[in-house]
Amino acid sequence: MLKNAGKQIRSRELYNKRNENQASSKIKTTPSIIIDKVRTPENLAAIFRLADAVGVKRIVLLDTDLDVRNKKIVRVARDSIKYLEIEHMSLEEFISSVNGYLPIYALEITSTSKSAFDVELRDMCSIVVGNERHGISQELLDICSEAIHIPMYGRNGSMNVAHALAVALYEWRRQINLKIID
């Protein structure tokens, strides 16, 4: 038997739905996102848009030459940049201020990483993502509290950085929502 999936909502209805979600959310804090040398404007823009969708407020860009006013970034990110606190830092500056970001989860497949679905993620935390080609630098991995990864079941060994972050952030939100309900 076919079921009716309803009608797509747009415009004012869509904004009303978003406002309902914001009002009903009992989550008061969100992770900070630390971005280590991401080089592709489209990935950075996708991360900005994702961050806003999840409700993240703070993003730290480490050692990047990308300008957040780049036309590609502005086009893909849409209005999300307006709602984010975006900081630029060197790795050295970040390491010297690391206590304000603890615990720090590296979203990276490492020799000790665990599935993001098997780790109890803390409500106050930071999630680090790395460069599209080289991942998270070893200096940054060395200060992370733990490494988490997204399990891969196909032939490809890794995921696009923005897509992996989307999975991790929504897993974080799912876990925090369950803690609030308990």
Side-chain angles (χ1 to χ4, degrees), residues 1-3 5-6 8 21 27 30-56 58-68 70-78 80-81 84 86 91 94-95 101-123 125-179:
M1 183 168 131
L2 295 176
K3 297 207 176 205
Q8 189 176 58
N21 288 343
I27 297 173
T30 58
S32 294
I33 299 172
I34 314 304
I35 303 173
D36 184 26
K37 300 180 192 115
V38 166
R39 61 186 173 88
T40 309
E42 293 84 356
N43 279 336
L44 188 58
I47 290 170
F48 289 164
R49 196 159 172 188
L50 166 67
D52 179 53
V54 175
V56 167
R58 187 179 196 189
I59 294 182
V60 179
L61 301 174
L62 299 179
D63 296 327
T64 185
D65 294 332
L66 291 176
D67 181 353
V68 298
N70 173 300
K71 287 181 184 181
K72 286 181 183 177
I73 293 174
V74 171
R75 186 180 70 245
V76 174
R78 297 174 67 178
S80 60
I81 295 172
L84 300 169
I86 301 170
L91 179 59
F94 180 73
I95 289 172
Y101 297 92
L102 295 173
I104 303 173
Y105 299 103
L107 185 55
E108 183 76 80
I109 300 169
T110 72
S111 57
T112 61
S113 63
K114 297 176 187 160
S115 167
F117 309 121
D118 295 333
V119 173
E120 185 176 335
L121 301 170
R122 301 265 307 276
D123 57 344
C125 67
S126 297
I127 298 175
V128 178
V129 295
N131 176 278
E132 296 90 331
R133 183 171 292 149
H134 305 292
I136 299 171
S137 64
Q138 190 60 51
E139 297 89 355
L140 193 48
L141 282 173
D142 290 343
I143 64 165
C144 289
S145 311
E146 190 166 4
I148 60 174
H149 65 262
I150 308 303
M152 302 296 294
Y153 299 100
R155 293 197 178 271
N156 202 342
S158 66
M159 212 180 244
N160 171 280
V161 64
H163 298 154
L165 182 59
V167 173
L169 285 172
Y170 276 96
E171 174 59 14
W172 173 86
R173 187 164 271 284
R174 185 193 69 79
Q175 286 186 25
I176 299 307
N177 279 338
L178 288 175
K179 288 178 190 174

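The shown structure was predicted, so the numbers you read here are calculated from the model rather than taken from an experiment.
- From Ile127, atom CD1 reaches atom CD1 of Ile59 across 11.5 Å, with rounding to the nearest 0.5 Å.
- Taking Ser80 as the reference, nothing meets the side chain to side chain donor-acceptor pair (under 3.5 Å) condition, with sequence neighbours excluded.
- Legend: salt bridge (Lys or Arg N to Asp or Glu O under 4.0 Å) pairs involving residues 47-56, not counting sequence neighbours: none detected.
- Here the side chains of Ile150 and Leu107 are in contact, with some heavy-atom distance below 4.5 Å.
- Shown are Asn131, Asp36, Asp142; of these, the side chain to side chain donor-acceptor pair (under 3.5 Å) with Ser137 is made only by Asp36.
- Shown here is Arg78, whose CZ atom has no more than 12 heavy atoms of other residues, nucleotides or ligands within 6.0 Å.
- Formation of a donor-acceptor pair under 3.5 Å by the Glu132 side chain with backbone atoms of Thr40 is found in this model.
- With sequence neighbours excluded, the residues that form a side chain to side chain contact (heavy atoms under 4.5 Å, CB included) with Lys72 are Pro41, Glu42, Asn70, Arg75.
- When all heavy atoms of Ser126 and Ile34 are compared, the closest pair comes out as CB-CG1, 4.1 Å.
- Between Leu50 and Leu165 there is a side-chain heavy-atom pair separated by less than 4.5 Å.
- Within the 4.5 Å cutoff, the side chain of Gln175 has no heavy atoms near those of the Leu178 side chain.
- Checked against side chain to side chain donor-acceptor pair (under 3.5 Å), Arg122 has no partners two or more places apart in sequence or in another chain.
- By the ring pair (Phe, Tyr, Trp, His ring centres under 6.0 Å) test, Phe48 pairs with no residue at all, sequence neighbours left out.
- Remark: Ser115 engages Phe117, Asp118, His149, Pro151 in a side chain to side chain contact (heavy atoms under 4.5 Å, CB included) (not counting sequence neighbours).
- Applying the side chain to side chain donor-acceptor pair (under 3.5 Å) test to every pair with at least one member in residues 59-68, sequence neighbours left out, gives these pairs: Asp67-Arg69.
- The closest side-chain heavy-atom distance from Asp123 to Ile27 is not below 4.5 Å.
- Side-chain contact between Phe94 and Leu140 is present, with heavy atoms from C-beta onward closer than 4.5 Å.
- Listed by chain and residue number, Ala106, Thr110, Ser113 satisfy the side chain to side chain contact (heavy atoms under 4.5 Å, CB included) test with Ala147 (two or more places apart in sequence, or in another chain).
- Within the structure, the salt bridge (Lys or Arg N to Asp or Glu O under 4.0 Å) test picks out the following pairs touching residues 168-178 (sequence neighbours left out): Glu171-Arg174.
- In plain terms, the two heavy atoms of Leu84 and Ala51 that are nearest each other are CD2-CB, 3.9 Å.
- The two atoms that bring Ile109 and Gly157 nearest to each other are CD1-O, 3.5 Å, heavy atoms only.
- With sequence neighbours left out, the side chain to side chain contact (heavy atoms under 4.5 Å, CB included) criterion links Val119 to Tyr105, Lys114, Leu121, Glu146, Ile148.
- Inter-residue side-chain proximity for Leu102 and Ser145 is flagged as met; some heavy-atom pair is nearer than 4.5 Å.
- Applying the side chain to side chain donor-acceptor pair (under 3.5 Å) test to residues at least two apart or on different chains, the pairs with a partner in residues 153-166 are Asn43-Asn160.
- Note that the CG atom of Leu62 and the NZ atom of Lys37 stand 8.0 Å from one another [nearest 0.5 Å].
- Between Pro31 and Val56, the shortest heavy-atom distance links the atoms O-CG1, 3.4 Å.
- To the nearest 0.5 angstrom, Gln138 atom CD is 11.5 Å from Ile143 atom CD1.
- Among all heavy-atom pairs drawn from Leu61 and Ile86, the shortest one is CD1-CG2, 3.7 Å.
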